[in-house]
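As structure tokens, the structure follows; a few thoughts come after it.
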Amino acid sequence: MQEEQTFYPVTTEYFTACLPLLEKYFGITAGYFNKELSNAKCLIPHREDNIVKYSIKEDCNLVLPFRHLECHDLLSLINSYGTITPIIEEALLLVAYCIRERQIDENEYNDLIQFHTWDIYQSEWAHLLLFMEQMEARAFQGNEQTAITIRTNNGIKEKISIPNSDNWLFRLIKKELAGYFPEVQTAEKARQDIQWRKPSAGRKKDNAIYSAVAYGIYRMLHEENAIPSQPDMPNELCAFIHDFARQMGCYSDNKGWDGAYNPDRIRADLAAYLKPSAITPRFRPISLQRQVIMQDFDFPLLD
């Protein structure tokens, strides 16, 4: 049985106008459309030394084949928001195309995974800060010096004991590491951070692509004046992020921990992405195609 597909035309004028939005807010670059641009003969070659590089024509129509996503349903969702401009509509359609039609695997995108890795580091730092507070309190109450014991291989092999006179080790650790986590500088902040991350029953980590989509939509609609500046995260914006992410298949069914849509959960997600210590969740950039010339032959120079 032949796979059904819908072809959606995108004028190059719109496409090139969307590229700065895609890169600024999502990290999506023109290279995501290498195949489509090549098939539409929208790429102009030029030679730099032994490398052929490409730029995008100004008068070329790009056609996107939709096989996994019903673009008309998506456009209805986008337009239902009411304040979406045509250029933002086109940009969101291109984001959807990259996710669903290119079948992006989140594990391929190091920048997105790095966002969650940093999240883990801060969690470990919070636990370490509480441990140091407990050890310092124990030394103060007993008026005795403490020692730190490091066990390797689950304690099977020989352990190492490091004297911690006058808490020199803790002071050194804080001096070297505290600057990386400006929001967790005290034991009280560490407790709050641990409590905030504490998973409820059945809660799973957010899909990394969802993080990039939610944060990108939030920024784009704000900075392109598609939503008012106040309130910062209105219910309508949260609902739009929820509905868009569900159509992309990157919204966890258990988000909110009971499977139900909850705008406060999305607000909490956005607040986490906006923290000064957070790494911006973005897609990994892909360059326009290029070709290395191995033979020495004439190549026409194009204006």
Side-chain angles (χ1 to χ4, degrees), residues 3-10 14-15 18-19 21-28 32-33 36 62-109 112 115 203-222 224 226-227 233-270 272-273 281-284:
E3 191 177 40
E4 183 178 354
Q5 55 185 323
T6 302
F7 292 95
Y8 185 84
V10 182
Y14 258 19
F15 177 75
C18 285
L19 284 178
L21 301 181
L22 295 177
E23 184 168 2
K24 178 179 180 180
Y25 299 118
F26 300 93
I28 294 174
Y32 276 76
F33 306 93
E36 293 78 9
L62 188 65
V63 176
L64 303 179
F66 283 84
R67 300 180 180 88
H68 304 94
L69 181 69
E70 178 50 66
C71 62
H72 297 297
D73 291 345
L74 179 60
L75 288 172
S76 296
L77 166 65
I78 294 172
N79 290 321
S80 69
Y81 193 68
T83 57
I84 300 296
T85 63
I87 193 67
I88 292 180
E89 173 191 286
E90 206 76 19
L92 289 170
L93 186 71
L94 293 172
V95 171
Y97 181 82
C98 289
I99 296 172
R100 291 298 303 274
E101 301 306 324
R102 297 189 73 251
Q103 296 292 287
I104 285 177
D105 178 358
E106 64 173 306
N107 293 317
E108 296 176 6
Y109 294 88
L112 291 175
F115 170 81
R203 185 187 177 190
K204 297 180 181 178
K205 192 66 183 175
D206 285 343
N207 183 311
I209 295 174
Y210 161 77
S211 298
V213 166
Y215 181 70
I217 289 176
Y218 166 85
R219 283 194 59 210
M220 183 169 69
L221 296 191
H222 266 297
E224 300 302 319
I227 61 173
M233 302 172 190
N235 286 337
E236 294 80 5
L237 172 63
C238 295
F240 181 73
I241 290 173
H242 166 266
D243 294 342
F244 187 90
R246 284 192 68 86
Q247 284 212 27
M248 295 308 99
C250 62
Y251 188 90
S252 300
D253 289 337
N254 66 339
K255 180 172 285 298
W257 311 310
D258 61 357
Y261 160 66
N262 184 345
D264 290 336
R265 179 59 228 169
I266 294 179
R267 290 189 184 97
D269 293 337
L270 295 174
Y273 309 147
R282 293 165 64 82
F283 292 99
R284 176 177 60 86

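All residue numbers in this chain count up from 1 along the given sequence.
- Contact check for R219 versus Y215: side-chain heavy atoms found under the 4.5 Å cut-off.
- Residues I99 and F283 are in side-chain contact: their nearest non-hydrogen atoms beyond the backbone lie under 4.5 Å apart.
- Inter-residue side-chain proximity for I217 and Y25 is flagged as unmet; no heavy-atom pair is nearer than 4.5 Å.
- Between Y210 and I241 the shortest side-chain heavy-atom distance falls below 4.5 Å.
- With hydrogens and angles ignored, the 3.5 Å screen pairs a side-chain donor or acceptor of E101 with a backbone N or O of L69.
- Looking only at side-chain heavy atoms (C-beta outward), T85 and E224 stay at 4.5 Å or farther from each other.
- With contacts defined as side-chain heavy-atom distances shorter than 4.5 Å, the pair L74/L93 qualifies.
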Q. Hey, mind stepping through Y273 and Y218 against ring pair (Phe, Tyr, Trp, His ring centres under 6.0 Å) and telling me if it holds?
A. CA-CA 10 Å; Y273 309 147; Y218 166 85; 9.2 Å; no

Q: Could you walk me through whether L94 and Y32 pass the side-chain contact (heavy atoms from CB on, under 4.5 Å) test, one step at a time?
A: CA-CA 10 Å; L94 293 172; Y32 276 76; over 6 Å; no

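- Side-chain atoms of F240 and L92, non-hydrogen and from C-beta on, do get closer than 4.5 Å to each other.
- With contacts defined as side-chain heavy-atom distances shorter than 4.5 Å, the pair I209/M248 does not qualify.
- Under a 3.5 Å cut-off, the side chain of E36 and the backbone N or O of V63 do not form any donor-acceptor pair.
- Between the side chains of N235 and R267, at least one donor N or O lies within less than 3.5 Å of an accepting N or O.
- To the nearest 0.5 Å, atoms OH (Y261) and CD1 (I266) are separated by 5.0 Å.
- R100 places a side-chain N or O within 3.5 Å of a backbone atom of Q247 that can act as its donor or acceptor partner.
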